[in-house]
Structures are given as C-alpha cells and as structure tokens.
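Each remark here refers to the structure printed beneath this line.
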Amino acid sequence: MINYTIIIPHKNSIKYLQRCLDSIPDKNDIQIIIVDDNSDAVEISNFPGLNKKNTEVYFTKEGKGAGYARNIGLSHAKGKWLLFADADDYFNDGFYDVIEKYVNSDYEIIYFSATSIDNNSGAKANRNKNIVKVINNFNKEKYKTFEDLIFKNWTPWSKMFKHKYIKQKNLLFEEVKVGNDALFVLESGINAKKIAVDKYPIYCVTYSPNSLTYTITSETRFDERFNAKIRINNYLHNIQQNKYKIPLGEDIVISMNYGFNKFFNAITQAKKNNNKIIFSIGKSLLKRFLKKFNFKN
C-alpha cells in the first residue's frame, strides 16, 4: 500500500531538486511524483529521480506553472496522504517518523511547523516566520487561533492532506503563474472537519533572492502578483460568514506597502545611478501600482 504521495513541481532547479529527493527516505509506502514544468535544456537521461525507488517523473512542454504541474501530480497520486514540496526546499530529518504517527488517523489535514534557510549562505532565514507563529499559537479552545491557522497559512508545504478528502471536495490548484496554491489550501482548510496541529518542523522552506517569489522583473510579473492578491482577497470576501472574522483587505494593504517601498527604493536608486531605463520602467510601474490601489471588491 502507498501511504504517502509527495508531489514536487520543478523548473530549472536541478541541484536543489536532488537535495529535496535526498531528504526523502527510500520507503515502500512513499510515492514521489516530480513534474517538470518545461525546464530549459533538460538532460532527461541525467534528470534527478529517474533511478530513484518509487519515483515517477513527468515532463511537460506547456510551461503553465506550478499549479498545472501539481494537478498533473494529483492525477497520478496513489497515496493515502498527500504532501507537497517545492523543488528548492527539502524535508527535515525525522519527518517520516513524525508523519507515520498519523498514517491511520481520521484527520483530513495535519498542519506542521517548518524551518527556513538562505539557499546561498546556508544561514537561517525567516520564510517560516508566519507558519511557526500560527502553529505555536494554535489552541483548539480558542477560535481565533483556528482562523489564523487557516487564513494566514496559504502554502501547501508543511501540511499533510487526506487524499480521499481532497478527492471528495474535488480540489485542484489554480493554473496560474502566481498564487496557484492559495485557494487550494484555503478551501481545504475551511471545509475540513477534523484537523491536527503538530509543532514538529517536518519541512525546510528556503530563501532564494532570485526566485519567482521575490522578483518583480516586468509589468507582467507585477500584474500576476497583484492580481493574485486581489483574487484571493475576493475569495475570502465571498466565503465570509459570521463565524469567520477575516480581516478583509489586510493582506492587500501589506502587499501594497511592500510593493510601494520596493518600487520607490528602486526608482530612487535608479535616479541616483542615472539609470534612465530602470527609472522609466519604475515610474511606469509605480503609477500603475498607485492606480490599482483604488480597486473595489
């Protein structure tokens, strides 16, 4: 029997993908699914995982992003439980022993803690800050901590989902370039009747300054990120009920403040360095940013 399916979307991160695979023990009850999202110059014969026990590798040519890749993974999943990993992250030592405690449980989702490192330096990073906070503060007697667990914890990693439950709810990832995982995680959390919270950090989420998460290199990239925030905010608005005291718009405001400061600093630096191209693009982006600030639900 396959107890666990681990789904890993991949694009142009061969070195780190190998590290991720090395962090997963060779167990007969683990199915690993890697879906390559049309990476550049892939040498299929040397691709990580092809010779690893219980590992399946699927190559796509569409380049539709991690959500599309994860959905392909879901279509091939056989495990009783589903786990997700990004190719540049990895699982921490002892994670298998921890998840094994829940293999026969009737929970629908189990939330775990995480650690974080800088991929370049190996030093501690803070990408785990939010998840550590909501996990450590969780108290099943206090509903506010449940809200934080669900609505401030949008990533699929460091969680374990009952496969049967995901199928029953017909949940899939959005096939968009940015924010593809948020609604999957939100919907599964909102509808779950039985959850567990475990403070053990089964997963290490890494920080890479040049990753999609941290770079805004074009107006298209800006639009993708901003529209993801709008889409998620509107979803929360639509599902809001009396029992959910969701701070609507809070994430948008945080995103805008971050974006404004990022653009403003870039423009200032470009002007100082007499970089006319960056200065011009920066001004254009900033104008659009301020215009979108007045969005309406």
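Counting begins at 1 with the first residue of the sequence. What you see below is based on every heavy atom in this structure, not just the backbone, and it leaves out hydrogens, waters and symmetry mates.
Annotation: side chain of Ile24 is in contact with side chain of Ile6 (closest heavy-atom distance under 4.5 Å). The shortest distance between side-chain heavy atoms of Glu100 and Tyr102 does not fall below 4.5 Å. Taking 4.5 Å as the limit, some side-chain heavy atom of Val35 sits within range of a side-chain heavy atom of Thr60. For the pair Ile202 and Ser158, the minimum side-chain heavy-atom distance is below 4.5 Å. Considering only heavy atoms from C-beta on, Leu74 comes within 4.5 Å of Ile7 through its side chain. Residues Phe112 and Met160 form a side-chain contact, since some pair of their non-hydrogen atoms from C-beta on lies under 4.5 Å apart. Residues Asn119 and Arg19 form a side-chain contact, since some pair of their non-hydrogen atoms from C-beta on lies under 4.5 Å apart. For the pair Asp148 and Asn153, the minimum side-chain heavy-atom distance is 4.5 Å or more.
Formation of a donor-acceptor pair under 3.5 Å by the Thr55 side chain with backbone atoms of Ile32 is not found in this model. Between the Asp36 side chain and the Ser39 main chain, a donor and an acceptor come within less than 3.5 Å of each other. Looking only at distances, no side-chain donor or acceptor of Glu175 sits under 3.5 Å from a matching main-chain atom of Lys64. At least one donor-acceptor pair under 3.5 Å links the side chain of Lys162 to the backbone N or O of Tyr107. A donor-acceptor pair under 3.5 Å links the side-chain atoms of Thr5 to the main chain of Gly79, judged by distance alone. At least one donor-acceptor pair under 3.5 Å links the side chain of Asn191 to the backbone N or O of Glu187. Not one N or O on the side chain of Thr206 forms a donor-acceptor pair closer than 3.5 Å with the backbone of Asp118. Side-chain N or O atoms of Lys11 include one that pairs as donor or acceptor with a backbone N or O of Asn38 at under 3.5 Å. Judged by distance alone, the side chain of Ser105 and the main-chain N or O of Val103 form no donor-acceptor pair under 3.5 Å. A side-chain donor-acceptor contact under 3.5 Å links Asn12 to the backbone of Asp40.
With rounding to the nearest 0.5 angstrom, the CZ atom of Arg70 is 12.5 Å from the CG atom of Leu82. Here the CD1-CG distance, from Ile117 to Asn128, works out to 11.0 Å after rounding to the nearest 0.5 Å. Here the CG-NZ distance, from Asp181 to Lys159, works out to 8.5 Å after rounding to the nearest 0.5 Å. To the nearest 0.5 angstrom, Trp154 atom CH2 is 10.5 Å from Lys152 atom NZ. Taken to the nearest 0.5 Å, the CG atom of Asn71 stands 10.0 Å off from the CD atom of Glu174.
Residues Asp198 and Lys101 are paired through a salt bridge, judged by an N-O separation under 4.0 Å between the basic side chain and the carboxylate. Using a 4.0 Å cut-off between charged nitrogen and carboxylate oxygen, Asp26 and Lys52 count as a salt-bridge pair. Taking 4.0 Å as the cut-off between side-chain N and carboxylate O, Asp106 and Lys194 count as a salt-bridged pair.
For Asn104 and Lys80, the side-chain atoms include at least one donor-acceptor pair closer than 3.5 Å. Donor-acceptor pairing under 3.5 Å is recorded for the side chains of Asn28 and Lys53.
A continuous path of Ile, Leu, Val, Met, Phe, Trp and Tyr side chains, each step under 4.5 Å between heavy atoms, connects Phe91 with Leu17, placing both in one hydrophobic cluster. Both Ile30 and Ile34 belong to a single network of hydrophobic side chains, linked directly or stepwise wherever heavy atoms of I, L, V, M, F, W or Y lie under 4.5 Å apart. Both Tyr111 and Leu171 are part of a single hydrophobic cluster, where members link through side-chain heavy atoms under 4.5 Å apart. Transitive grouping of hydrophobic side chains (ILVMFWY, heavy atoms separated by less than 4.5 Å) keeps Tyr16 and Tyr203 in distinct clusters. Connection of Ile14 to Tyr90 is not established within any shared hydrophobic cluster, with ILVMFWY side chains joined at heavy-atom distances below 4.5 Å, either directly or through further cluster members.
Taking every heavy atom of both residues into account, Ala66 and Asn180 meet most closely at CB-ND2, 3.8 Å. Residues Asp88 and Ser208 come closest through the heavy atom pair OD2-OG, 4.4 Å. A pairwise comparison of heavy atoms in Ile109 and Ser188 identifies CD1-O, 3.3 Å as the closest pair. Of all heavy-atom pairs spanning Cys20 and Ile8, the tightest one is SG-CD1, 3.9 Å. In terms of heavy atoms, Ser23 sits closest to Phe95 at O-CE2, 3.7 Å. Of all heavy-atom pairs spanning Ala192 and Tyr165, the tightest one is N-OH, 3.0 Å.
Between His76 and Tyr58, the angle of the ring planes stays under 30°, which puts this pair in the parallel group of the 30/60° scheme. Aromatic ring orientation, Phe184 versus Phe173: parallel (interplanar angle below 30°, classes split at 30° and 60°).
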* Passes side chain to side chain contact (heavy atoms under 4.5 Å, CB included), Ile99 versus Trp81? Steps please. -> CA-CA 10 Å; Ile99 64 174; Trp81 293 92; over 6 Å; no
* Output, in order, the C-alpha distance, side-chain angles, deciding distance and verdict of side chain to side chain contact (heavy atoms under 4.5 Å, CB included) for Ile2 and Asp29. => CA-CA 4 Å; Ile2 303 297; Asp29 65 342; 5.7 Å; no
* Is there a side chain to side chain contact (heavy atoms under 4.5 Å, CB included) between Glu108 and Phe161 once you walk through the steps? -> CA-CA 6 Å; Glu108 292 156 327; Phe161 303 86; over 6 Å; no
* To do: Tell me, with the steps shown, if Ile135 and Leu149 meet side chain to side chain contact (heavy atoms under 4.5 Å, CB included).
  => CA-CA 7 Å; Ile135 294 294; Leu149 183 73; 3.9 Å; yes
* To do: With side-chain hydrogen bond (donor to acceptor under 3.5 Å, both in side chains) as the test, would you mind laying out the steps for Lys142 and Asn137 before giving the verdict?
  => CA-CA 10 Å; Lys142 296 181 179 180; Asn137 289 344; over 6 Å; no
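Phe47 has its ring centre less than 6.0 Å from the ring centre of His10.
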